[in-house]
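FYI, the numbering just counts along the sequence from 1. Note that the coordinates shown come from a computational prediction; the quantities given were computed from them, not determined experimentally. Heavy-atom basis, side chains included; hydrogens, waters and symmetry copies ignored.
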Amino acid sequence: MDRITAAEVFVRIAERGSMSAAADALDMSRAMVTRYLAQMEQWAGARLLHRTTRRLSLTEAGEETLVRCRRMLEVAAEMATAASACADEPRGLLRVACAQSLAQDVLAPAVADYLRLHRQAAIDLHIDSRPVNLIEERIDLAIRITNELDPNLIARPLGHCDSVVCASPAYLAAHGVPVGVEDLATHNCLTYSYFGKSLWQFERGSERIAVPVSGNLSANESQVLLAAAIEGAGIAMQPAYSANAPIAQGRLVALLPGFVPQGLGVYGVYASRRQMPVSLRALLDFLAARFADPAHWPPRESSSPARPPGRARAQNPTA
């Protein structure tokens, strides 16, 4: 880790009297402050702080380390930094984490275009359905679709992800078309393990509606549920960027016109704004501009769903 930054973190903790105050002053997450402090204690070979429930105070070793850290920061401030012609050009490796469906449908083409623009940059994509620990796994940026952000991390809004409720024509022909959201209770709903597994939320005008759902298949990856829905396994709530193509191809039918499934924010999540690499800032700016374009971040299919042949409405999803 950067010892200059660790020294500044330790000085701010000593000056402000708490790690939370130091994190606020440095525009850094509490977790990152804790990590820098632990690293500073490891370098010093001694415990630097007395910790109580009310306040922090310096140990004897902490007093001595504080003097050295302030001296180190003074020397660093006096060092001239020579500007180079490529100082503003993104370069080097960024480790980026996201879910599989987002990576495949949205992020991969975006990253390809970004790397064509910045030949000195490189990106290592980490695909995981679970939110990763940025600090422990040394992730520079996580792209997350969520309405629940970690308060210990910095999040930049990048866009909005619409959702669509859909099913295959074969499933609807066999089991009927839900007319209202309350009809979902009688259908086999394919649920995503990490979001709204048993409760789907909708808006109709100013009204918000939460609907309990259940089914015989759940998964921790939305693309698995998309494939199952195409095969007629049941009704799925999918990100519009994944579902729009099979809807346009007729392999899926968009359901429940007038009821808008809960949308989610799209965020670039990282640990600290302090000394942000040029490459990270450039990638965030690029993604924010790209996702603002509907051509790259498709909205929910707005057309009314086709009504497949067969029974107009079935009450038994297994019938």
Side-chain angles (χ1 to χ4, degrees), residues 1-6 8 26-29 31-32 35-36 76 79-146 149-150 152-162 223 239-242 244-245 264-299:
M1 296 181 70
D2 181 0
R3 295 196 178 197
I4 298 296
T5 302
E8 185 165 5
L26 294 168
D27 201 8
M28 186 180 291
S29 71
M32 185 63 81
R35 188 178 177 198
Y36 274 119
M79 293 177 64
T81 55
S84 64
C86 61
D88 294 331
E89 174 63 21
R91 60 179 59 244
L93 177 68
L94 285 178
R95 292 164 59 87
V96 180
C98 67
Q100 181 178 338
S101 66
L102 178 65
Q104 181 172 315
D105 294 329
V106 178
L107 196 58
V111 164
D113 287 346
Y114 174 81
L115 293 175
R116 276 191 285 269
L117 288 174
H118 303 293
R119 298 292 183 178
Q120 302 301 314
I123 292 177
D124 182 11
L125 281 178
H126 289 252
I127 310 304
D128 200 320
S129 56
R130 293 180 179 270
V132 298
N133 186 304
L134 272 62
I135 296 172
E136 291 181 0
E137 301 186 41
R138 297 183 294 112
I139 298 297
D140 298 295
L141 177 68
I143 309 300
R144 292 180 181 168
I145 301 178
T146 182
L149 293 168
D150 186 338
N152 294 316
L153 298 173
I154 311 300
R156 175 170 173 179
L158 298 176
H160 181 82
C161 177
D162 288 316
Q223 284 191 320
Y241 63 75
S242 292
N244 278 357
L264 299 170
V266 185
Y267 297 91
V269 179
Y270 50 102
S272 173
R273 291 192 185 96
R274 181 166 182 78
Q275 297 179 334
M276 179 187 292
V278 171
S279 55
L280 177 54
R281 187 179 302 278
L283 179 59
L284 283 166
D285 290 344
F286 176 86
L287 293 177
R290 185 181 181 94
F291 291 169
D293 182 352
H296 295 126
W297 193 266

Practice task
Before giving the answer on side-chain contact (heavy atoms from CB on, under 4.5 Å), spell out for Y267 and L158 the whole-Å C-alpha distance, their side-chain angles and the decisive distance to 0.1 Å.
Solution key: CA-CA 5 Å; Y267 297 91; L158 298 176; 5.7 Å; no
Practice task
Could you walk me through whether Y270 and L284 pass the side-chain contact (heavy atoms from CB on, under 4.5 Å) test, one step at a time?
Solution key: CA-CA 10 Å; Y270 50 102; L284 283 166; 3.7 Å; yes
Problem - Intermediate values then yes/no, side-chain contact (heavy atoms from CB on, under 4.5 Å), L26 and S272 - result: CA-CA 9 Å; L26 294 168; S272 173; over 6 Å; no
Exercise for the section: Determine, step by step, whether L102 and Y241 satisfy the side-chain contact (heavy atoms from CB on, under 4.5 Å) criterion, reporting the C-alpha distance in whole Å, the side-chain angles of both residues, the deciding distance to 0.1 Å, and the verdict. Expected result: CA-CA 8 Å; L102 178 65; Y241 63 75; 3.7 Å; yes
Handout entry: salt bridge (Lys or Arg N to Asp or Glu O under 4.0 Å) between R144 and D150, intermediate numbers included
Key = CA-CA 11 Å; R144 292 180 181 168; D150 186 338; 5.5 Å; no
Exercise for the section: Evaluate salt bridge (Lys or Arg N to Asp or Glu O under 4.0 Å) for R95 paired with D140, printing each intermediate quantity in order. Expected result: CA-CA 5 Å; R95 292 164 59 87; D140 298 295; 5.5 Å; no
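Under the 4.5 Å side-chain criterion, counting only non-hydrogen atoms from C-beta, L134 is in contact with V132. At a threshold of 4.5 Å between non-hydrogen side-chain atoms, the residues I135 and M32 count as touching. Between P157 and V266 the shortest side-chain heavy-atom distance does not fall below 4.5 Å. Contact of the I123 side chain with the L115 side chain is registered, since non-hydrogen atoms from C-beta on lie closer than 4.5 Å. Side chains of V96 and V111 form no contact here, defined as non-hydrogen atoms less than 4.5 Å apart. At least one side-chain heavy atom of R156 sits under 4.5 Å from a side-chain heavy atom of D285. Counting only heavy atoms from C-beta outward, the side chains of L107 and L125 approach each other to under 4.5 Å.
Once rounded to the nearest 0.5 Å, the distance linking CG of L287 with CG of L141 reads 7.0 Å. Rounding to the nearest 0.5 Å gives a distance of 5.0 Å between CZ of F286 and CG of D113. To the nearest 0.5 Å, atom CD1 of residue I143 and atom CZ of residue F291 are 6.5 Å apart. Note: T5 OG1 to E8 CD = 7.0 Å, rounded to the nearest 0.5 Å. Taken to the nearest 0.5 Å, the NE2 atom of H160 stands 4.5 Å off from the CG atom of D162. Between atom CD of residue Q223 and atom OG of residue S242 there is a gap of 5.5 Å, rounded to the nearest 0.5 Å.
Closest approach of I127 and A103 over heavy atoms only: CD1-CB, 3.5 Å. Contact record, A155 with V269: CB-CG2, 4.2 Å, taken as the closest heavy-atom pair.
In the model, Q120 has no side-chain atom that pairs as donor or acceptor with a side-chain atom of E89 under 3.5 Å. Between the side chains of N152 and S29, no donor-acceptor pair is found at a separation under 3.5 Å. No side-chain donor-acceptor contact under 3.5 Å links D128 and H126.
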